[in-house]
Amino acid sequence: MMGFFQNLKWFVEGISDANKELAQGVKSDLKQFKTEMKDLVKEHHPKTGEAIEKIDRIAQTIGNAGRSIPIPPTTKHDPFPKFPQLAIFKNDEAAVGSLQRGDHIYVQRVGYEHHALYIGSDRIIHYSKGSVREEGIEGMDDFFNKSEVKVKSSPCTYSKDEIILRAQSRLGESDYNLASNNCEHFVTWCRSGGRYKDTI
């Protein structure tokens with residue numbers, strides 16, 4: 001009887017994993033379709049394409065800021081909930097060791113998230129101090145010198161090598177703009193952007 005329940009558990013876990021893979025595949029396909037459509041619009045109607053891209057980037061920036069706002073705990077007994085204290089973590093060596101080339105990584109900072117592309121050997125490429133740089137993963141630390149590195153499951157339409165080549169093609173770029181060309185936009189473009197540098 002125990003074998004039946006073990007097999008049932010494995011079956012349910014298998015379905016769950018398959019659903020996750022399917023959802024990730026659909027998400028990537030939709031992202032690729034969206035990117036191709038934006039590229040077509042830019043080719044045939046540059047002004048419209050530029051406007052669509054600006055709206056997309058602003059929406060992504062607002063989403064980044066929204067995810068960074070601490071949510072106060074709520075209980076029925078506390079009419080005046082307090083914001084949680086800022087939790088500061090050391091880099092988790094086990095988590096950093098499990099990173100894959102081309103991973104979209106980020107750290108939570110006060111009021112925003114900082115994003116980078118992991119390129120292997122504890123190296124990243126990201127927008128830092130106004131330009132695209134390659135440096136050690138410790139570049140993700142903030143002024144507290146403590147951050148928890150997390151992996152973001154963002155759409156990926158290129159191979160790991162292509163992602164890294166795309167990132168390297170922009171090294172030294174200094175066109176940072178909080179609303180239209182920030183660290184998250186950079187990593188998104190490397191992993192799933194269009195032919196044009198400004199298509200995320």
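Note: hydrogens, waters and symmetry copies are ignored here, and every other heavy atom, side chains too, is used.
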*With under 30° as parallel and over 60° as perpendicular, where do the rings of Tyr106 and His115 fit, or are they tilted in between?*
parallel
*Identify whether Val187 and Leu171 are in the same connected component of the hydrophobic contact network (ILVMFWY, side-chain heavy atoms under 4.5 Å).*
yes
_hydrophobic_cluster_shared for Leu165 and Tyr158, side chain cutoff 4.5 Å_ = no
Spatial distance of atom [atom1] ([X]) from atom [atom2] ([Y]) [nearest 0.5 Å]:
X      : Y      : atom1 : atom2 : result
Glu162 : Thr157 : CD    : OG1   : 8.5 Å
Ile164 : Ser159 : CD1   : OG    : 8.5 Å
Asn182 : Thr188 : CG    : OG1   : 8.5 Å
Leu178 : Cys183 : CG    : SG    : 9.0 Å
Ile119 : His126 : CD1   : NE2   : 10.0 Å
His45  : Glu50  : NE2   : CD    : 14.5 Å

Does the [X] side chain pair with the main chain of [Y], one donor and one acceptor, at a distance under 3.5 Å?
X      : Y      : result
Arg133 : Ser128 : yes
Arg166 : Trp189 : yes
Arg191 : Ile163 : no
Tyr127 : Asp175 : yes

*Val41: hydrophobic cluster co-members (side-chain, 4.5 Å)*: Ile52
_Candidates Ser153, Cys190, Ser192, Ser154 - the one meeting side chain to side chain contact (heavy atoms under 4.5 Å, CB included) with His104_ = Ser154
*Is Arg170 close enough and on-axis enough to Phe186, meaning under 6.0 Å and within 45°, for cation-pi?*
no
*Do Lys150 and Glu113 sit within salt-bridge range, that is, some charged N less than 4.0 Å from a carboxylate O?*
no
*asked:* Are Tyr176 and Asn181 packed together at the side-chain level, in the sense that at least one heavy-atom pair is separated by less than 4.5 angstrom?
replied: no
*Can you find a pair of side-chain heavy atoms, one from Glu148 and one from Gln108, that are under 4.5 Å apart?*
no
*Contact summary for Lys160 and Gln100, nearest pair of heavy atoms*: NZ-OE1, 3.5 Å
*Partners meeting salt bridge (Lys or Arg N to Asp or Glu O under 4.0 Å) with Lys152 (sequence neighbours left out)*: Glu184
